[in-house]
Amino acid sequence: MADMPTPCLAAEEFQRRLLNWFDQYGRHDLPWQTPRSAYRVWVSEIMLQQTQVATVIPYFERFMARFPTLEALANAPQDDVLHLWTGLGYYARARNLHKAAQVALEDHDGELPTTSVEALMALPGIGRSTAGAIIAQSSDKQSSDKQRSDKQIPGQQAAILDGNVKRSMTRLHAVSGWPGKPAVERSLWALAEYYTPDTRLADYTQAIMDFGATLCKRSKPHCLICPFNDVCRAYAQGEPQRFPESKPKKTLPTRETIMLMLRDRQGRVWLERRPPSGLWGGLWSLPQFERHGDLNDWLADHVVAPERHAPLVSFTHTFSHFRLSITPQPVNCDRLNGVREDGVWYDVNDPPTLGLAAPVKSLLSQLATFTLDPAPGPSR
DNA sequence: AAGTCGGGGAA
DNA sequence: TTCCCAGACTT
């Protein structure tokens with residue numbers, strides 16, 4: 001802990017103030033809190049990585065209805081898992097979650113190894129913070145429960161460092177530098193570890209997240225009613241929202257792609273599976289081409305009697321690190337030339353269970369509106 | 001240490 | 001528009 005900033009309060013006093021605030025103002029009715037189980041906490045934590053609570057809730061409910069247990073998840077086809085992840089993004093989370101469930105079923109008797117942070121981190125998709133969150137939330141029950149769970153390991157301490165904790169800690173201690181930088185992150189971890197208690201661990205963990213999410217917000221923090229405003233160094237400096245420093249910005253490059261909307265006489269659309277890792281890994285997508293020449297070659301090779309229509313209007317899909325300009329190209333045909341195992345005819349009116357990239361899903365749903373036209377492909 | 005990996009909510 | 005969200009993983 002050599003690089004830990006001077007704490008703004010003694011750990012015990014910090015915990016006392018935070019838990020007192022939590023008992024009165026914390027969130028106690030999130031879907032993964034009742035009923036609480038290691039499996040439900042785990043799934044929620046994975047979904048919540050880089051994703052807002054309000055976005056996650058409907059996905060979480062659907063996921064739990066389809067996969068109520070770790071075993072149900074482990075035994076499901078990957079297409080089913082990605083289907084329920086469609087639109088949530090960061091699909092490696094779903095692939096890793098699925099894989100980790102299978103590992104837990106094989107190696108840990110069908111349960112999450114919540115005995116240690118290290119055991120959890122050995123599973124794909126679980127890093128240090130997510131491991132800490134799972135340990136914390138399955139280590140003891142609600143504060144109101146007087147009797148403790150048998151599985152609780154007394155005195156176990158597991159810290160988290162999510163966006164909420166990073167924001168709170170940088171403000172309370174006026175930590176400069178972007179938290180994504182390893183040196184800054186190290187000092188934030190040190191603070192997080194310092195304040196984390198070994199009693200009421202679940203409540204403390206939920207409390208520090210609720211504090212960041214509802215009081216010490218990114219913009220317009222409620223400093224006047226904050227239980228720490230007497231010791232907060234950012235507040236003392238007068239501009240708490242100046243912390244944390246923002247990520248250095250760089251201009252996003254733009255890539256172009258043509259998406260082939262190949263339809264047969266029944267109005268079905270040809271989809272192909274993406275490679276198992278990388279962008280949109282494991283999802284199904286329209287065939288993509290960088291240039292019209294490549295598209296023409298593909299049609300000549302694989303399609304019997306293609307009828308090209310005018311391209312649809314292009315649109316831009318933005319990723320974290322680049323923009324993708326998409327030009328949809330409708331083509332009608334009788335059938336494919338030969339049998340292909342790497343694709344499927346997607347019936348919009350009877351959609352199969354599989355994962356779709358968001359812009360592909362959007363295009364397919366638009367298609368449904370004029371699927372009965374004898375000569376589809378309105379030009380613009 | 002920097003890049004990859006989504007999509008959407010909010011200002 | 002821009003920022004960033006209960007981050008992890010690869011290079």
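Chain letters run A, B, ... following the sequence lines, proteins first and then strands; every chain starts at 1.
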Would you mind reading off the distance between [X] atom [atom1] and [N] atom [atom2], rounded to a whole angstrom?
X: A:Lys166; N: C:dC4; atom1: NZ; atom2: C1'; result: 11 Å
X: A:Leu97; N: C:dG7; atom1: CG; atom2: P; result: 16 Å
X: A:Phe243; N: C:dC4; atom1: CZ; atom2: P; result: 14 Å
X: A:Leu161; N: C:dC5; atom1: CG; atom2: C1'; result: 14 Å
X: A:Leu252; N: C:dT2; atom1: CG; atom2: P; result: 8 Å
X: A:Leu188; N: C:dA6; atom1: CG; atom2: P; result: 16 Å
X: A:Asn96; N: C:dG7; atom1: CG; atom2: P; result: 16 Å

message: Applying a 4.0 Å non-hydrogen cut-off, can you work out what A:Glu185 is touching in the nucleic acid: base, sugar-phosphate, or nothing?
response: nothing

Open item on the list: Any base atoms under 4.0 Å from A:Trp32, or only sugar-phosphate, or nothing? Heavy atoms, all strands.
Closed with: base

Can a side-chain donor-acceptor contact be found between [Y] and [X] if the only test is distance below 3.5 angstrom?
X: A:Thr257; Y: A:Gln288; result: yes
X: A:Gln49; Y: A:Thr130; result: yes
X: A:Arg93; Y: A:Asn96; result: no

Once base and sugar-phosphate atoms are separated, protein heavy atoms under 4.0 Å mark nucleotides 4-11 of chain B, 5' to 3', with B, S and - as SBBBBB-S

Phosphate-side-chain proximity, A:Arg167 and C:dC4, N/O vs OP1/OP2 below 4.0 Å:
no

Quick note, A:Pro182 side chain, CB onward, closest among C:dC5, B:dA1, C:dG7 is B:dA1

Salt bridge [X]-[Y], side-chain N to carboxylate O under 4.0 Å:
X: A:Glu256; Y: A:Arg291; result: no
X: A:Arg273; Y: A:Asp342; result: no
X: A:Glu307; Y: A:Arg265; result: yes

Exercise. State yes or no: do A:Leu283 and A:Leu260 share one hydrophobic cluster built from I, L, V, M, F, W and Y residues joined by side-chain heavy-atom distances below 4.5 Å, directly or via other members?
Key: no

Sorted by number, residues from residues 119-128 of chain A placing a heavy atom under 4.0 Å from DNA chain C are A:Leu123, A:Pro124, A:Gly125, A:Ile126, A:Gly127, A:Arg128

Next item on the list: Decide whether a cation-pi geometry holds between A:Arg200 and A:Tyr204; the criteria are a distance under 6.0 Å from NZ or CZ to the six-membered ring centre and an angle within 45° of the ring axis.
Entry: no

Result for ring-ring contact (aromatic ring centres under 6.0 Å, His included) between A:His173 and one of A:Tyr194, A:Tyr195, A:Phe243 points to A:Tyr195

